[in-house]
Amino acid sequence: MCKGKQKNMKNAYLCSMKENKTTIIYQLMPRWFTNCNEKCVPNGTIKQNGVGKFNDIDLTKLKSIKSLGATHVWYTGIIEHATATDYSRLGITPCHASVVKGKAGSPYAIRDYYDVCPDLAVRIKNRMAEFEALVERTHEAGLKVIIDFVPNHVAREYESDAKPEGVDDLGDDDYPLVFFSPSNNFYYLTGQEFAPQGVELGDYHEFPARATGNDCYTASPSRDDWYETIKLNYGVDPWNGSTHFDPVPSTWSKMLDILEFWTRKGVDGFRCDMAHMVPVAFWHWAIGHIKAINPDLIFIAEIYDVGLYYSYINEGGFDFLYDKVTLYDTLRGILCNGWPASELTRCWQTVEGMGDHMLNFLENHDEQRIASQQFCGDPWLALPAVVVSATISRCPFMLYAGQELGEPAADAEGYSGKDGRTTIFDYWSVPTLCRWHQGKSTANERRLRAWYRKLLGLCRSEKTLTRGKFFDLMYVNQDTLDPARQFAYLRHNDKEMILVVANFGNQPVDTAVRIPQHFLDCALIPKGNYTCHDLLKGGELEQVKLAGDSMFPVHVAPNSATMLKYKPAGD
């Protein structure tokens with residue numbers, strides 16, 4: 001184990017990170033990804049606004065996604081969820097509109113775990129075959145498939161009409177006269193009618209009421225709660241925290257069956273919604289079973305409690321965890337709220353020893369778009385944050401469809417107001433993606449997409465980024481950099497180094513960054529002459545001499561970052 005002399009830091013040199021190949025995840029919602037209706041109306045129906053289809057995501061589009069550097073596509077909103085669209089003519093029981101958010105409905109209010117969303121099929125009765133064909137096309141394009149697994153809650157009117165023969169539905173064997181029983185799938189608020197606040201239920205009745213998905217154990221959740229969902233019972237009594245995992249709870253067995261069903265459909269990974277609201281003991285049990293079927297399948301946890309990170313990796317068995325509350329929140333604080341860039345040191349220290357298991361991002365369906373007025377207002381202002389997020393470690397990086405084009409999410413779509421997000425509740429289209437599909441992207445959009453392709457290509461091709469270690473340089477550069485607006489670090493592998501300097505300020509930086517002797521000692525980097533290559537801009541620079549406490553000149557444009565690769569002269 002390396003022991004350093006750095007001040008105000010702990011173990012800046014991460015000595016024992018395992019080898020990893022960089023994973024780049026491209027998230028898209030088929031509902032709007034290929035929908036190019038330019039005349040969408042707020043709260044519009046599927047007939048008025050249209051909807052994207054599985055079949056529209058063709059091989060050409062998938063290869064273009066791969067050309068960005070993507071290795072995986074996360075298809076969001078695949079499993080059948082509650083919707084206000086009526087498919088009763090095709091034998092699908094309609095949902096009560098009062099317990100559906102928006103016309104399209106939330107993709108996280110699952111209606112049938114064993115079916116796909118009928119909106120997304122050209123021939124609705126053939127919808128599963130159309131999804132299976134999409135999986136095959138994605139694999140043909142050299143990409144892997146991730147779908148959502150929503151384990152914590154289901155739609156209030158959950159009922160599977162597509163479950164395999166012999167499978168019991170959720171709630172089939174429940175005893176609804178008690179609040180909690182280990183053998184029940186739901187929590188029952190006995191003697192109480194479901195009566196959410198601020199929601200007109202019409203003729204919808206639910207008695208006894210069941211607990212709401214966001215751990216809301218009242219019959220009267222608010223409109224801001226997840227009132228359209230019901231919480232699943234994994235054998236935890238919420239009143240006293242007691243656990244009842246032996247014998248294996250019914251919910252565990254039913255959810256494992258669902259995971260097995262989709263695994264055998266050929267998906268390559270699951271993004272597990274609100275994973276920290278489900279006991280880690282379940283994940284240990286279920287992930288072990290699934291990895292026995294496919295050891296290469298990945299599990300990603302949406303998780304917002306740093307205190308649970310270690311257990312969900314080492315006990316639960318997750319491959320990757322959202323790093324929202326550390327890196328994402330810090331980068332956003334630096335970009336929008338005047339946080340000092342030096343706060344990034346705290347981020348890697350918080351996840352020290354777990355860094356390879358994080359999933360970094362700056363956009364997803366829950367967060368506001370970078371280019372929205374609620375965030376940066378200009379996608380180019382976030383370049384230093386994107387570079388840091390993508391290169392600070394060997395963990396996966398994720399981008400959200402349209403991010404690479406600077407989508408501003410400027411519309412008020414219906415259930416979703418003008419909130420800087422691309423709606424997950426409404427039928428809608430995304431203007432930047434429409435222009436891209438039609439070959440009409442603006443010059444600015446093309447330039448931004450090329451920048452993302454360059455950066456993510458480097459993340460995939462440079463062995464110093466795919467396999468290299470990390471070293472924080474801020475502790476020895478307090479006199480050369482402004483810690484309020486700049487952040488500098490090294491990635492290194494064998495004899496090569498990449499110096500990353502992110503400039504979050506609106507003025508250019510011309511300085512020299514110090515490489516300390518301590519780094520050379522720990523990394524076993526030889527002294528001598530090195531050539532410098534600017535990875536983002538290209539071009540060979542003059543030779544530099546690496547010795548103890550060397551000063552390397554750098555220039556960084558405003559709101560930008562530089563990535564300088566050093567290798568021994570003559571190599």
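The backbone N or O of E413 sits nowhere less than 3.5 Å from a side-chain atom of D411 that would complete a donor-acceptor pair. A donor-acceptor distance shorter than 3.5 angstrom exists from the side chain of T22 to the backbone of C459, with no hydrogens or angles considered. With R156 contributing its side chain and R210 its backbone, the two residues share a donor-acceptor pair below 3.5 Å. In this structure a side-chain-to-backbone donor-acceptor pair under 3.5 Å is missing from Q27 to Y400. Side chain of E132 to backbone of E130: no donor-acceptor contact under 3.5 angstrom is found. For E363 (side chain) and I370 (main-chain N/O), a donor-acceptor pair under 3.5 Å exists by modelled atom type. Formation of a donor-acceptor pair under 3.5 Å by the N185 side chain with backbone atoms of G171 is found in this model. Proximity of a side-chain donor or acceptor of K291 to a complementary backbone N or O of L297 within less than 3.5 Å is detected. Looking only at distances, no side-chain donor or acceptor of E315 sits under 3.5 Å from a matching main-chain atom of A281. The backbone N or O of Y227 sits nowhere less than 3.5 Å from a side-chain atom of D225 that would complete a donor-acceptor pair.
Checked for salt-bridge contact, K231 and D215 meet the test: a charged N lies under 4.0 Å from a carboxylate O. Salt-bridge formation is detected for the pair K61/D58: a Lys NZ or Arg NE/NH1/NH2 atom is positioned less than 4.0 Å from an Asp or Glu carboxylate oxygen. Ion pair D115/R127 flagged as a salt bridge, since at least one NZ, NE, NH1 or NH2 atom sits closer than 4.0 Å to an Asp/Glu carboxylate oxygen. Using a cutoff of 4.0 Å between basic side-chain nitrogens and carboxylate oxygens, D426 and K103 are not scored as salt-bridged.
Residues R369 and T432 have side chains that never bring a donor and an acceptor to within less than 3.5 angstrom of each other. In the model, Y234 has no side-chain atom that pairs as donor or acceptor with a side-chain atom of N152 under 3.5 Å. A donor and an acceptor atom, one from each side chain of N240 and S242, are located under 3.5 Å apart. Looking at W428 and N37, their side chains never bring a donor and an acceptor atom within 3.5 Å of each other. No side-chain N or O of Y204 forms a donor-acceptor pair with one of E157 less than 3.5 Å apart.
W239 pairs with exactly one of F180, F179, Y187 by the ring pair (Phe, Tyr, Trp, His ring centres under 6.0 Å) rule, that one being F179.
Between Y188 and F186, the angle of the ring planes goes over 60°, which puts this pair in the perpendicular group of the 30/60° scheme. A perpendicular orientation is assigned to the rings of Y304 and Y322, their planes being inclined by more than 60° (bins at 30° and 60°). Ring pair H357/F320 is tilted by interplanar angle, where 30° to 60° counts as tilted.
Side chains of Y113 and V154 form a contact here, defined as non-hydrogen atoms less than 4.5 Å apart. At a threshold of 4.5 Å between non-hydrogen side-chain atoms, the residues T466 and R460 do not count as touching.
Taking F245 as the reference, W252 meet the ring-ring contact (aromatic ring centres under 6.0 Å, His included) condition, with sequence neighbours excluded.
For Y108 and H153, the gap between ring centers reaches or exceeds 6.0 Å.
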